[in-house]
Structure formats: C-alpha cells, structure tokens
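Below is one structure, written out as structure tokens; the observations come after it.
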Amino acid sequence: MASMTEIGTQYDPAATESATYREWEEAGVFTADLRRSRRSGGDREPFVIVMPPPNVTAVLHMGHGLNNTVQDVIVRWRRMRGDEALWVPGTDHAGIATQNVIEKQLASEGKTRFDIGREAFVARTTEFVGETGGTILEQLRALGASCDWNRTAYTLSPELSRAVREAFVQLYERGLVYRGHRVIHWCSRCLTSLSDEEAEHAEEPGNLYHVRYRVIAPAGTTGPDWITVATTRPETMLGDVAIAVHPDDERYRTVIGGKALLPIANVEIPIIADAEGVDPAFGTGALKITPAHDANDFEIGRRHNLPMPVILSPEGRMDNGAEADHRVPSSLLGLDRFEAREKVVEMLRELGQLEKVEPHSHAVRHCYRCDTVVEPRLSDQWFVRIKPLAEPALAAVRERRIRLLPERWEAAYINWMEGIRDWNISRQLWWGHRIPVWYCDACGEVIASREDMESCTKCGGPVRQDDDVLDTWFSSWLWPFSTLGWPDRTSDLASFYPTDDLVTAPEILFLWVSRMIMGGFAFMGEAPFHTVYLHGTVRDLEHVKMSKSLGNGIDPLDVIALYGADALRYTVISGLGMGADLMLDPNDLEKSFAPGRNFATKLWNIGRFLLSNVGTGTVKSVAALDPGTLARTDRWILHCLNEAISECDAALGPARPQGGVWKANELRAGLRLGEYVESARRFVWNELADWYVEAVKLRLAGSGEDREVARAVLVHVFGAALRLLHPVVPFITETLWRRLPLEADDATPGFIATAAWPAIDPAHGEEREFELVREAINAIRQLRAEYAISPGDQITAQLLPDAGGATADGSAILIEETQLIQRLARCEMVKMSGESAAAEGDGKGALILLGNGSRLFVPLSGVIDIDRECAKATTELAKLDKQLASLTARLANPGFTGRAPAEVIESERQKEQEWTRRRGQLAEKVRALCGS
RNA sequence: GGGCGAGUAGCUCAGUUGGUUAGAGCGCCUGCCUUACACGCAGGAUGUCGGGGGUUCGAGUCCCUCCUCGCCCACCA
C-alpha cells in the first residue's frame, strides 16, 4: 500500500503503464482457466472473443488501435462481471501481403522470387516472420490489451496448418471442394488468381470502342457486309472465337450462322445466337466472344462448345497461349496489355475498322493487395462448393442466432449470402498452406490427404504435390475453433467454443466474417459467435481513410508516449457511435487526445484529494452505516451512482442471447460503448467531482461521526467509479485502485481488473432535496454572472415558504447546506419563516421557480432588470398557453378521443395536468415580476 | 444499374415513442491561479436541425420529393 505522500501531483502514464501491464501479466489476470468455464463443470459463464489476427508483418496503426480497444473494453467488462473471459490473440500469415513484402526486398536486390526458387523463398520469408513477426502483438500490450498470451495463435503454425489440412480434406471428402476449369480473376502483378471478394470494383473512366468485323455471309444469303461490336478491352479481340447476337434481334437475323473475319488475327469466327448472354439493347447488340478472358463469354463459349484461346501471358502481356495458335501477330507479342490496347486500336484505325470511340465509365476490378487491374483469365483452380455451406449461415442470421451490429449490415450479409458463388481457394503463390493434394502421373490418381504423400495409394508410383497454396482466408475462416485446438477435441475447444462477440471492420465482412460463420457450421456444426460488431474506419478530418502510404496516419505508439494509453482508449471509445467512423486529426494530436488525458488527470486529482483528506486508514463499509447518519449529499451521490451503474449496464447491454436466440427487444441492445463511457464520465466529473467532492470538503475537515460517514461514502463511490471506468481507462484506474483505502468488510484488495463490477444498491433512492439545492445554486450563479456581481459581494437568497413545494420543510435544506452553498456560490441563504414574504417586500429581485414548486427569491435592488425578467417570463407563459390550448382542444375533440388508443389518451391527459401545473407556476412568476 | 447510410453550433457527434428554452466534447468569449485539479472552476454566445412540399393543434423527429456526400453490391460487353 502506497502512502498518500507517494502520489505525485501529476499523473505520469509513461512511468506507470508498462509496469502495471507487467504486473497483470505476471499475475495471470488475463489467463483464462478452462476449468472455471461452465461448459467444463466450472461456475462461470465463458466469454470469448477471438482477435481478428493482424498480418504477421503488420505494425500497429490506428485501425488496430480502434479494433483492439473495442475488444478490450468488452473483455474487461465481462471479466469484471464474473465471466471466465478469454481473448485469443494471434497473427495471420497473410499470403499475398507477406509474399509482396519479401518480393519487394528481393526486388531491391535486383532479384525475383524465381531467381532464388521456392524453397529458399519460403525459408527466407519464414525467417523474416520469425524475426520481425509478432511485433504488433508486443505493441498491443502498450495499448493495454488484456489478451491471453498463452494462447497466442498463428495461422501458419504447425497446429493451425493441421487444422487447414483437415478442413480441406473434409470438404474434399464431402464433395464440397473441387478442381474447376474456368475464368477467374487474375492479378498479373501478384501472379495469382483471386477470389471474387479479393477483386474490388472501382468505377473508372474508359472508352467503348466500336469495331467493325467483315461478315462472311452464309452461302446464298444477303445481308450486311459488316457487323460492329462494342468493347472496352479491344486487345482481347485477338482471343475472340465468335460474335454473339440475340436470337430475336432483327438487325442480325440474316447473319446468324454465318461467319465474320476477326481483324488483325485474320481468323474466321462464327456468328452465333445466344439469348442468355446478350443484351440487344447494349452497344450495338453484337457481342464479341472471348471465352478465355471474360467470365460471361466463357459461359457462352461453353454453351456453344467454342475453343478458348488464351492470348495474354500470366504477366498480362500479349501472348499466344493455349489454343491461341498464331492469333497474336509478332508485332504485338510481349506487349503489355495496356500498350497493346493502344496498338490494337491504332491498327484497327488504319484498317478502317474502328468505327468510333466513345467515353464509357465502367467498373474495373483491382487486386485488393496491390491495386493492379485484374484480368479475367481461364485457368484451373480449386473451388469450394459454397451453397451448401451458406445455407446454415444464412439461416442463423435470419433466425436471430447471430446478430450483426449495426443492423444495416444484416441486409448486406443476407444479400451476399443469397447470391454467393463458389469460392476460388487456390493461389499461385509460395507463401501459405500448400494444397494437400497429390497427383500420380502414372495412373492419374488424385489424392487429398491429411498426411504428406510419398507414393500413389493406387499404383504405388511417385506422386507430386499440387504447387498452389490456399487462399489466406482459408486458414482464417477456421480461426474461432482452430485457435482452440481443433481438429482435436481439446478441453479448450469444449470450454470456450462457440465464442461470443466478433469485433471487426466492415471491409472484411465477406472476406472473413461470413466465411467464419460458414466454417463454424461446416466443421463445428455451430455458429462461431452470436454477435458481430462492425465498427467504423479511422479517417482524417477530410474523411480520408488513414493509411501510412497516404501519410495521414497517426502512430498509436506516439499517442501513447505523449498522452498515455488511457487517453488513446478514451478518445477512441468516447466518440464512438454504433458503426460510425472515427475522425482524428493527424496534424493536431492535442485536439484529438487531450480530452482523454484531461479526463485521466481529473481522476488523478480526485484521487489526490481523497487520499489527502480521507487518509489511508480503513473506512466503514457503506452497507454497514446507519442510514440515519447519511447526509443529504451522501444519499444524493449514492443515488447518482445507482443511476450511473444502470446507464452503463444499459449501454453495454446483454452479453449473450438467452437460449441461443436473440429476443426482439435485446437484438439491437448493448455495445454502445460511447454511451457507456459518457455515462461514467458524467458521473465522475459532473456529479462526483463537481458537487459531491465540494460538498464533502467541510465534513472531511471536521471530525466525529459525520466525518467517518463522509470518508466511507467518498471511498465507496470513488471505488465504484473506478471500477465502472476500468474497461476504458485500465491503467490509471488500476493505479488509483491500489492506493484507495479499504472498505472494512472488503479486505481483499487485488487487481481492479478482476474486481467485481459495481452493483445497484436499491437502498439509495432518488434524492430530490439535494437536486433542489443544486438548482438554487445554479440559479444564483447565473444571476451573479449575468449582473456581474463580484465574487466578494454576498448575495442573500431566500427560499420562500411554499405550501405547494415537494419538500415539506424547505428550511431544513438551507441549514444543512449553508456552508456548501457559501463555498460554491458565495452567497448566503437565509431561512425564511412563514410570516416573512420578501417577494412582496420591496419587490426588486429575481424570483426563481425550482423544480419541486418551491420559490427562491433573490433581492437585487437596483441591479436586476425587472422589465427584462418580466418580458422573458411573459413570453414563456404565452408559448405554454398556446401549447396547452391546443392540447386541451385535442382532448376535447371527439375525433381524437374516439379513435386514439386508451393509453395514448391517458398519457395526453397526464401531460395536460403537468402542463397546467407548470402554467400555474409561470403565471405566479409573471405576477411577481411584472407586478400585476 | 441495385441497395444502404449520412447531412443538427466553427469541428466531431447525441437527440429514445412527434410536445417545456434542440444537447455534449473540442474551439470561441467573459470572469476567476477559490490549498484535488489552469490538463482546472464558474458563466456565456453561436443552429432558417441539407432544400422544398405534406400530415398534425404542434415536426429535428412521421410521409413525399429534390440536392450533396459516403459505403456496400453488380458478368451491360
């Protein structure tokens, strides 16, 4: 126990945070004990979050800061609520991203990955990851993340690699994974295929080129000599194998069945009719068919059994690939596709076959890792047959076993799930889980295997493993259970699966979250979590997403060094609307993070006050105090605490659905972290510090029983406040907690991180009388400021006797609170007895109506502008009159009373009563001020 | 092209089922170094609640429409 003299005048986060974190870690505060989980016979509900694994090469940025702060707040809250809380940390090997990092290194050495070969490349990457990987996990500690580091996972670890193989082979055995030959998205920079979700759309200006093809009419028919097609990618025409028109299109009826001459390549191609793939209203109504380089054309090509020449190399250069023969002339061979586009257009123009070029804005897909324009390309890939997996995932959201917050994402999820297409999971990369399939060249056997294969199981011949690796998301979709030991039926898996909340950004809803839900059902038969919380994106003041490459980023470690982790966390959480983006100013850290630091300082100073005035001696427990000894301010702050707890609980919401299905009234409740923090902040600052601490000063300076009561209440209330705030500002609350004097019957200090969440004490009900005092003081402060009464001048305020007041004996308040009021407002309140009536005295002063109907009179002869007060009150009264009149009219209208539901009418009547009462008060005020 | 969200004080945002004088933080103005706190205290100013129309006694809130931004989805070449 530190003595009060040891607490510095200034809170220094840099000096305490890392030490505090070490203590937590060493004490095992974050380590979940599976034996305590109810699922394995323990007495606690498990509460589990798996961290969205950052890329193993990542360094902490504000996006991580936001994501992990949100998770930590939730986990710390549940830990204090008595759950067996587990937050599983880890990293993702991040196939393409990490491979790109190493390839860049190689490029700076003038090499490519092919120069050093696969084995050396993988070895080098492994080494790099081993040395620098996981930096981010270390950085998360600075943020205060209360992860169970004993369970740190890595998608490419031996354990998780086993899970990946198991998943692949299981799906293979169930007929849900297959080898497909079709057009996929190809990144010519990364040299790999991509899934639909990895090829991102971007609207871009481009051109629509109208190209004329000479028609070779069927024998004995007449018709147009030319047929014009429109294309945005003219270079692909070299891969054309047909021209398709709609069968009902009158313009082209006669040429169907004929042929056209493909310019440049000089190949004859058929003119075919296809109702499904051709929209007669677009362009010219004639569509060039390039099956190897367009997904739609591929389908048409397949329907019509057309050849599929490949005319682009993997690098995106013009090339005579499979089936291409000599279509690409030597003048174009090897040209980049965009150069080739220019060149082809030029050639067509020279041939006189470029009819026109018109600007055309269209969506172009880009590689999500390197932003290169992706090319549709015919190739052999592994696919997951996804529809059967999507069904339970769709049902789970529809049936409210899984909720998405904010709600609007549910529609997007359902929409995506309904239109889902097979998932391309093979990547032509080297960094990742190699596909566990072996081929026997001798007998053609294909074997998917959990174990490495040496020879063919059928013919005993040599086998070779598939060269490709799996999509990085094929390992991360297993994350909620692979991190818990699956496929082994471990105790961790039994105790902690399914998990609870999944916290991430909407960008990876389809790439990751949706697939995890499918994976959960596919391999565990159960949803992986019941809540998906999608927070916003961190942006700068121009609403541009923060990123290192744009130079508008904020380094969380800088913020932590300057303001402390608590300040960072407070800032991130306090402004956080559900699903809203977080705007921060990278050029003005002070503006963004000072409020968090200031709040920490406020807490610190309350602590300093408490320690120097309460002392470190044990205090009585509030529960053990005789209720009769509590002062009005004590009762008031204890009630405020109840309110604060209730508001925090309501904002944080239910932790889990009862019975596995979200009830309608709880479906959208909770996880409003911004509201939770605001409630706690208001309590500490505006109620505890601004009023209670002020009120308690003189009592603490005194002696005797009342001092003991004040000590007990202050310690109790501040301790509860620290606990309420701990999830957001864990470091400073822990630091203050351990210095707090103990309450008598709570002799087990321990960490605040594992202290019990405050509970409402119904013994402390509403305290209206102190509210009255606050109102009176506020009114006097306003007068003082408004009339520029100097602090030295005393104001005499008089509470008028008032039969209608809710306080039976108004004078009692004044006697008790006089000193407080003197401190706060520097005025004197004089008890008025019934016989005196100052308002009717010289009549010069302010009459203030208090909430309970009492009246406060402040004589201010010669100072107060009675006319102005009178005008204000009169206006107010007129407005209320008008409103009251319309309400009364409404209640008298049979058209309303006859139709409206009974409870509506009842509430309107109550409103009328309330307003009538208020009108009476106002009228009295007007009489007093205006003198009529 | 389809869908969704947002537009409230200079900035970032709250505003529950329509109803007293539309709120908070930061910023701004005024006065205070009141022995927990100037990273503070007290007080204050600032809003045609995106535009227009409608329902209603009454609309920031409900309906229609338009405008502006943002996001998601999409095989019109």
Side-chain angles (χ1 to χ4, degrees), chain A residues 7 9-11 183 196 201 208 229-233 236 244 277-279 281-290 294-299 360 362-363 376 406 408-409 411-412 415-416 419 421 506-507 509-510 536-537 539 541 543 563 567 574-577 579-585 590-592 594-613 674-675 678 681-682 689-690 693-694 697 778 781-782 784-786 788 790-791 823-826 872 875-876 879-880 882-890 893 896 904 907-908 911 914-915 918-919 922:
Chain A
I7 187 161
T9 51
Q10 201 79 47
Y11 174 57
V183 169
D196 294 344
H201 288 275
L208 195 56
V229 301
T231 178
T232 54
R233 295 185 299 150
T236 65
V278 182
D279 174 5
F282 185 86
T284 63
L287 175 63
K288 66 192 258 316
I289 302 300
T290 321
D294 183 284
N296 182 47
D297 293 3
F298 173 77
E299 294 302 325
H360 178 74
H362 62 302
R408 62 177 178 273
W409 289 108
N415 184 273
W416 182 82
R421 282 175 294 172
E507 288 110 86
L509 177 58
F510 304 130
T537 307
R539 301 177 186 277
L541 294 186
H543 296 193
Y563 298 91
S574 66
L576 203 64
D581 288 341
L582 177 66
M583 311 298 174
L584 298 172
D585 186 349
E590 183 71 12
K591 189 180 174 192
S592 297
R597 177 204 54 199
N598 295 353
F599 182 57
T601 304
K602 191 70 182 179
L603 281 174
W604 189 251
N605 281 312
I606 298 170
R608 285 179 60 213
F609 169 83
L610 185 148
L611 292 176
S612 59
N613 288 282
E675 291 179 24
E678 175 53 22
R681 185 206 66 83
R682 193 179 49 241
D690 288 351
V693 166
E694 293 301 333
K697 277 176 177 169
N778 283 334
R781 283 173 175 172
Q782 276 175 30
R784 186 178 278 287
E786 195 167 346
S790 77
R823 273 197 90 80
L824 293 176
R826 295 221 176 150
K872 263 166 68 181
T875 311
E876 211 179 322
K879 183 167 180 182
L880 184 57
K882 198 179 149 199
Q883 284 175 346
L884 190 57
S886 51
L887 183 62
T888 308
R890 185 180 186 198
N893 180 359
F896 170 72
V904 170
S907 85
E908 295 291 287
K911 213 166 4 181
E914 162 93 25
W915 288 6
R918 202 189 309 142
R919 210 210 85 94
L922 253 180

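The model shown is predicted, which means the values in this text are computed figures rather than measured ones. Only heavy atoms go into these numbers, but all of them, side chains included; no hydrogens, no water, no symmetry mates. By convention in this document, chain letters (A, B, ...) are assigned in the order of the sequence lines, proteins followed by strands, and residues within each chain are numbered from 1.
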With a non-hydrogen cut-off below 4.0 angstrom, is A/Ala411 in contact with a base, only sugar-phosphate, or nothing? nothing
If you measure from the C1' atom in B/C69 to the same atom in B/G27, how many Å do you get, rounded? 25 Å
Tell me which of A/Asp581 and A/Ala689 sits closer to the 5' end of RNA chain B, going by the nucleotide each one is nearest to. A/Asp581
Please measure how far the C1' atom in B/A14 lies from the corresponding atom in B/G47, and state the result in whole Å. 15 Å
Can you identify which nucleotide, out of B/G43, B/A36, B/C26, has its nearest atom closest to the A/Pro595 side chain? B/C26
Side-chain N or O of A/Asn415 less than 4.0 angstrom from OP1 or OP2 on B/G2? no
Does a side-chain N or O from A/Lys697 land closer than 4.0 Å to OP1 or OP2 of B/A36, or not? yes
Can you check the distance between B/A9 and B/A24, where both ends of the measurement are the P atom (answer in whole Å)? 14 Å
Pick the C1' atom in B/U8 and in B/A59, then give their distance to the nearest Å. 14 Å
Could you work out the separation of B/U35 and B/G43 based on their C1' atoms and round it to a whole Å? 24 Å
Would you measure the distance from the P atom in B/C28 across to the matching atom in B/C11 and give it in whole Å? 15 Å
Pair partner, B/C26 [Watson-Crick or wobble, under 3.5 Å]: B/G10
